[in-house]
There are 2 protein chains.
Amino acid sequence: MLKAVQSRTLKTRAKLIAAAEAVIEENGYEAMRVEEVVLRAGVAKGTFFAHFPDKEELMDQLIGARIDTCLDQIAKAPTPQTITDMVDALMPLVAFMSCERYVFDVIFRHSGAATIDKTGVIAMTFEHQAKIVSAWLKDSPFRRDVTPDLLAEGIQAFLMQAIALNFCALHCEFAMRDRIVQYLQAWLAPDIRA
Amino acid sequence: MLKAVQSRTLKTRAKLIAAAEAVIEENGYEAMRVEEVVLRAGVAKGTFFAHFPDKEELMDQLIGARIDTCLDQIAKAPTPQTITDMVDALMPLVAFMSCERYVFDVIFRHSGAATIDKTGVIAMTFEHQAKIVSAWLKDSPFRRDVTPDLLAEGIQAFLMQAIALNFCALHCEFAMRDRIVQYLQAWLAPDIRA
DNA sequence: TCCATTAATTGACCGTGGTCACTTTATTGA
DNA sequence: TCAATAAAGTGACCACGGTCAATTAATGGA
């Protein structure tokens, strides 16, 4: 008998999420304040923390949802056959992940499951992304001396690296794309004859 | 005529850094509180922020110094000739970088130069590390189809990835080392004949 | 219908990083 | 030697995430 969740609860949570989305829409993720959210939702501050263990948890859900949208789009498209196609397929995701330094930091902190039982939304999107990319690689013209899973993990590492470097000095999306292409070329299609 | 720095300034700064190191020694980086530091240093809170733009800046210096110590040790040792030797050479650095989740996050946030002119201590250690590894690779039995600089960048990406994953679920150093070896094997010595 | 029990909500309060107008101390030049 | 000027230091104050004992609302018998 663990039936207990009241409809009131759902309504309050929905109000909080809607308010947060509105605030973010106006001023971006970094500028989101818990006080502003509860004010707009018309509830007390304590209520927020009754629904989310901390501010980051809400961020995890909101940012995770956005990533999932990107991934659904990516999964829908045909399997890329070249590295540049692959990079271009991933670019919408990369663009969102690098839209704000704060967003990138949150994603980074949540990119792995904190514990076995408590996997966050963002952590799940990373597994999802790895699955998509791994599936691409299962039947691809790229290297086969290591597993698609490992290659997918490596791609994630390179994406994070490219985005991190992109936040340094200048914030130019073209340089980032070129860097990713370079990384994935070396990672997916090494040419050891040279 | 931009001669102005008083000896008092140096003394105060030294007191602050010493106090911070003492606090960290006792309770770890994450537990460091600015109030505790200024209390021990015998100065007012405002003085702290006259010397460091924010708490993270002090962390950058303290953590950066520790990383530099690791790198000096690494640079002193003979050039590793196998991948496992290379990983073992890097492990002291990896061990420090993963000693606390908080430390890793600070390192991550500061791993790149924020702007051209204002490069932090940690950011400089990353360049330093890349140089060391790149030098190893210049005369190595590993792949030569891409530049040593690119390989070094990739190694950094894989180290960060391995440490990040290691914070998930369980915090076991052996698994981390194995993962790094696997990554670097695939990165440095691809076998596309397979 | 009413009461007992559990769930949801509240808001005063706290911890901690960071600010800034003001005070104190050092330096410079006549 | 002594203002005038600049540098260093101060601490009350603020912003904001997070806590918790108390309060209010919902639920399920009898």
Side-chain angles (χ1 to χ4, degrees), chain A residues 1-20 23-24 26-63 100-103 105-106 109-110 114 120, chain B residues 1-20 23-24 26-63 100-103 105-106 109-110 114 120:
Chain A
M1 223 2 105
L2 55 152
K3 175 74 171 53
V5 53
Q6 305 178 358
S7 74
R8 183 169 57 141
T9 308
L10 283 320
K11 229 181 280 181
T12 303
R13 172 168 306 224
K15 273 194 295 183
L16 283 168
I17 290 177
V23 172
I24 289 165
E26 286 172 30
N27 304 318
Y29 288 88
E30 170 137 45
M32 194 264 258
R33 297 283 170 268
V34 174
E35 296 216 35
E36 176 72 16
V37 170
V38 297
L39 190 76
R40 293 210 197 187
V43 299
K45 205 174 188 178
T47 303
F48 181 98
F49 293 98
H51 284 263
F52 308 99
D54 50 33
K55 182 182 165 180
E56 288 253 312
E57 183 72 21
L58 173 59
M59 283 296 180
D60 180 63
Q61 294 191 22
L62 297 178
I63 293 173
E100 281 182 43
R101 173 82 223 196
Y102 171 76
V103 169
D105 284 344
V106 172
R109 275 196 295 275
H110 294 203
Chain B
M1 222 2 103
L2 55 152
K3 174 73 173 46
V5 56
Q6 305 179 359
S7 73
R8 183 168 55 141
T9 308
L10 283 319
K11 228 181 284 181
T12 303
R13 173 168 306 224
K15 275 194 294 181
L16 283 168
I17 290 177
V23 171
I24 289 165
E26 287 172 30
N27 304 318
Y29 288 88
E30 170 136 46
M32 194 264 259
R33 297 282 170 268
V34 173
E35 295 215 36
E36 176 71 17
V37 170
V38 297
L39 191 74
R40 294 209 195 188
V43 300
K45 204 174 189 179
T47 304
F48 182 97
F49 293 98
H51 285 263
F52 308 98
D54 51 33
K55 182 182 166 181
E56 288 253 311
E57 183 71 21
L58 173 58
M59 282 296 179
D60 181 63
Q61 294 192 21
L62 296 179
I63 292 172
E100 281 181 43
R101 173 83 223 195
Y102 172 75
V103 169
D105 284 344
V106 171
R109 276 197 295 275
H110 294 196

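Lettering of chains follows the sequences in order, A, B, ..., and the numbering in each one begins at 1.
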> Glu100(B) side chain to Glu30(B) main-chain N or O, any donor-acceptor pair under 3.5 Å?
Replying inline: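 Judged by distance alone, yes, a pair lies under 3.5 Å.
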Rounded distance (Å) that lies between atom [atom2] of [N] and atom [atom1] of [X]:
X        : N       : atom1 : atom2 : value
Arg13(B) : dA7(D)  : CZ    : C1'   : 14 Å
Leu10(A) : dA7(C)  : CG    : C1'   : 14 Å
Leu39(A) : dG17(D) : CG    : P     : 13 Å
Phe52(B) : dG9(D)  : CZ    : P     : 12 Å

>> Is His51(A) close enough to dA8(C) that one of its side-chain N or O atoms is under 4.0 Å from OP1 or OP2 there?
In response: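 For dA8(C), neither OP1 nor OP2 has a side-chain N or O of His51(A) closer than 4.0 Å.
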>> Any side-chain N or O of Thr12(B) below 4.0 angstrom from OP1/OP2 of dG9(D)?
In response: yes
> DNA chain C: Ser7(B) or Phe49(B), which has the more 5' nearest nucleotide?
Replying inline: Phe49(B)
>> Heavy-atom nearest nucleotide on DNA chain C for Val34(B) versus Arg8(B): which residue maps closer to 5'?
In response: Val34(B)
Distance check, rounded to the nearest 0.5 Å: [X] atom [atom1] versus [Y] atom [atom2]?
X        : Y        : atom1 : atom2 : value
Leu10(A) : Lys15(A) : CG    : NZ    : 12.5 Å
Ile63(B) : Leu58(B) : CD1   : CG    : 9.0 Å
Arg13(A) : Phe52(A) : CZ    : CZ    : 5.0 Å

> Which atoms form the tightest heavy-atom contact between Ala20(A) and Met32(A), and what is the distance?
Replying inline: CB-CE, 4.2 Å
> Can you list, by residue number, the residues of residues 53-61 of chain A that have a non-hydrogen atom closer than 4.0 angstrom to DNA chain D?
Replying inline: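 Asp54(A), Lys55(A), in order of number.
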Produce the list of close N/O pairs, under 3.5 Å, pairing protein atoms with atoms of nucleotides 10-15 of chain D; give distances to one decimal.
unit_1  : atom_1 : unit_2   : atom_2 : d
dT10(D) : OP2    : Ala44(B) : N      : 2.8
dT10(D) : OP2    : Thr47(B) : OG1    : 2.7
dG11(D) : O6     : Gly46(B) : N      : 3.4

> Below 4.5 Å, heavy atoms only, C-beta onward: do Asp60(A) and Val106(A) meet side chain to side chain?
Replying inline: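 Heavy-atom side-chain distance check fails, nothing below 4.5 Å.
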For [X], which residues count as a side chain to side chain contact (heavy atoms under 4.5 Å, CB included) partner, sequence neighbours excluded?
X        : result
Arg40(B) : Ala19(B), Ala22(B), Val23(B), Glu26(B), Glu36(B)
Phe49(A) : Val34(A), Lys45(A)
Asp54(A) : Glu56(A), Glu57(A)

> Can you list the residues that meet the ring pair (Phe, Tyr, Trp, His ring centres under 6.0 Å) rule with Tyr29(A), with sequence neighbours excluded?
Replying inline: none
>> Quick check on the helix from dT1(C)-dA30(D) to dA30(C)-dT1(D): what's the angle between its two end axes, five base pairs per end, to the nearest 10°?
In response: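 Answer for the end axes of this duplex: 10°.
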> Under 4.0 Å between a Lys/Arg side-chain N and an Asp/Glu carboxylate O for Asp105(A) and Arg101(A)?
Replying inline: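 A salt bridge links Asp105(A) with Arg101(A).
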